[in-house]
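What follows is one structure encoded as structure tokens, with my remarks underneath.
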2 protein chains.
Amino acid sequence: MIQELKDNYGHLFENNLLNEINQVGTFKEVPEGAVMINIGEYVKSMPLLISGAIKILREDNDGDELLLYFLEKGDTCAMTLTCCLGQKKSEIKAVAETDAKLMMIPIQKMEEWSGKYKSWRNFVFESYHNRLNEMLETIDSIAFLKMDERLLKYLIEKARVSEDGTIRNTHQEIAYDLHTSRVVISRLLKKLENLGKIELHRNYVTLLKI
Amino acid sequence: MIQELKDNYGHLFENNLLNEINQVGTFKEVPEGAVMINIGEYVKSMPLLISGAIKILREDNDGDELLLYFLEKGDTCAMTLTCCLGQKKSEIKAVAETDAKLMMIPIQKMEEWSGKYKSWRNFVFESYHNRLNEMLETIDSIAFLKMDERLLKYLIEKARVSEDGTIRNTHQEIAYDLHTSRVVISRLLKKLENLGKIELHRNYVTLLKI
DNA sequence: AAATTAATGTAACCCTTGTTACACAAATTA
DNA sequence: TAATTTGTGTAACAAGGGTTACATTAATTT
């Protein structure tokens, strides 16, 4: 049994299911920055995230991007779930935000386990629920917040999922995630620095404790 | 057996399940405009929509609203699903867009049926998938479109779910759904009228065929 | 070290959207 | 019918944020 599987999913799944996952799943490591799936691609297996963080993005026809949310350990991709079941194309893009470890589950098992294990069903439902709530959070941000508030919220999220609490990105990269321009981000970051909320450096930003 | 249940869900569910739904479900009619659930309320049963349309809204702390999507016949509310299972509060507000007919399912049955009927599981998964996609559509609109494009898209959606293809709303009501101001909507509607896309009247708008 | 590339700072400008104010018309109520 | 309320049209202005342009500084390459 892979120890990290037990550590992260032991409280969720009964032993029989854990053993099955351990048997049929494939352990996988992905390096930071790796594109794990693109819009329009078919999904072949379902990931259970063991460590690290995955960035989920939406893209429009012009290739403009928007960050939707991050997945962390114990999470799975809700999109993948029905993509697998219905053989549908992915509607989102997934990129490793940090180095990450995953357990990949073959799609045939999902349907089988849904009938067999109550804990699996609950996990799947819970995942959907979490993802829907994260989408609502995203909608709240873009619909109700101004760009400076969105930026601060983004920096806090980014710092949370990063290893050391710093945001190791250029202004341009931040601008892509928030679907705005580099100049706007530079302007607002400077404003946040003047307010004493952050510290700016070349290639990274640090959040200051309040 | 309620005929409309068979008509709308007969192709989805096996007969045993249909009969159970018919037995334990409560038939319910709601008039246009009725608030079916508010943010923060607990959900007691799960609705299967038989006819009419339901408007799903998000609200921020100041009471500002934003239309997320419409539910139509054959749909259910994905939010409700895990709200029921996890005894969680609703994150959204639901208002009858037109007169609607529903079958209300007691929450205990949901868990039971998830283990018992494959068609029920598939329906639930499919619902989640559809709702996630509708949320993505909403995000696309507010993130990538300008207000005039969002407005036109909104009018087309509204016309689709309405009885007679007209949008029976005041400019103020449209403004609430799109989370903007009445003046902005009046301005853009007038622009769309000048482009020959719509016809403006007091209290309603008609879409012109292209 | 010099040249080049990448990241950031900042000014000036413009467009979209939001706000305020008010006129006018249609519907409703007195 | 007169008075009031509700819905719409429009002008003028403000603010947020997107764009272009260019300077400056740090890192990388030659």
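Order of the sequence lines sets the chain letters (A, B, ...), proteins ahead of strands, with each chain counted from 1. As the structure is a computational prediction, the values presented were derived from the model and not from experiment.
If you find the closest nucleotide of DNA chain C to Arg182(B) and to Lys190(A), the one lying nearer the 5' end belongs to Lys190(A). When each of Arg187(B) and Val183(A) is assigned the nucleotide of DNA chain D bearing its nearest heavy atom, the one mapping closer to the 5' terminus is Arg187(B).
The nearest whole Å value for the distance from the CG atom in Leu189(A) to the C1' atom in dT10(C) is 14 Å. If you measure from atom CD of Gln172(B) to atom C1' of dG9(D), you get 15 Å, rounded to the nearest angstrom. If you measure from atom CG of Leu151(B) to atom P of dT16(C), you get 15 Å, rounded to the nearest angstrom. Following rounding to the nearest Å, Asn203(A) (CG) and dG9(C) (P) show an atom-to-atom distance of 12 Å. dT10(D) atom P lies 9 Å from atom CD of Glu193(B), rounded to whole Å. The interatomic distance linking Leu178(A) (CG) with dG17(D) (C1') rounds to 13 Å, in whole Å. If you take CD1 of Ile167(B) and P of dG7(D), they are 17 Å apart, rounded to a whole angstrom. One atom, CG of Leu200(B), and another, C1' of dT10(D), lie 14 Å apart when rounded to the nearest Å.
A salt bridge links Glu134(B) to Arg131(B): one of the charged nitrogens lies within less than 4.0 Å of a carboxylate oxygen. Salt bridge Glu126(A)/Arg121(A): absent, no basic N to carboxylate O contact under 4.0 Å. Taking the charged nitrogens against the carboxylate oxygens, Glu65(A) and Arg58(A) have no contact shorter than 4.0 Å, which rules out a salt bridge. Ion pairing between a basic and an acidic side chain is recognised when a charged N comes within 4.0 Å of a carboxylate O; Arg160(B) and Glu157(B) show such pairing.
For the pair Thr180(B) and dG18(C), the criterion of a side-chain N or O lying under 4.0 Å from OP1 or OP2 is met. For dT8(C), the OP1/OP2 oxygens have a side-chain nitrogen or oxygen of His171(A) closer than 4.0 Å.
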| Residue pair Thr206(B), Tyr204(B): steps toward the side chain to side chain contact (heavy atoms under 4.5 Å, CB included) verdict | CA-CA 7 Å; Thr206(B) 46; Tyr204(B) 71 101; 4.1 Å; yes
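Within the nucleic acid shown, Ser181(A) comes within 4.0 Å of at least one base atom, counting heavy atoms only. His179(A) comes within contact range of no nucleotide atom at all, as no heavy-atom separation falls under 4.0 Å.
Within residues 136-149 of chain B, the residues having any heavy atom closer than 4.0 Å to DNA chain C are, in order of number, Lys146(B), Met147(B).
In the interface, the side chain of Arg202(B) is paired with the base of dT6(D) through a donor and an acceptor atom under 3.5 Å apart.
Side-chain atoms of Asp7(B) and Gln3(B) form a donor-acceptor pair, as typed in the model, at a separation below 3.5 Å.
Applying the 6.0 Å contact sphere to NZ of Lys197(B) captures no more than 12 heavy atoms from other residues, nucleotides or ligands.
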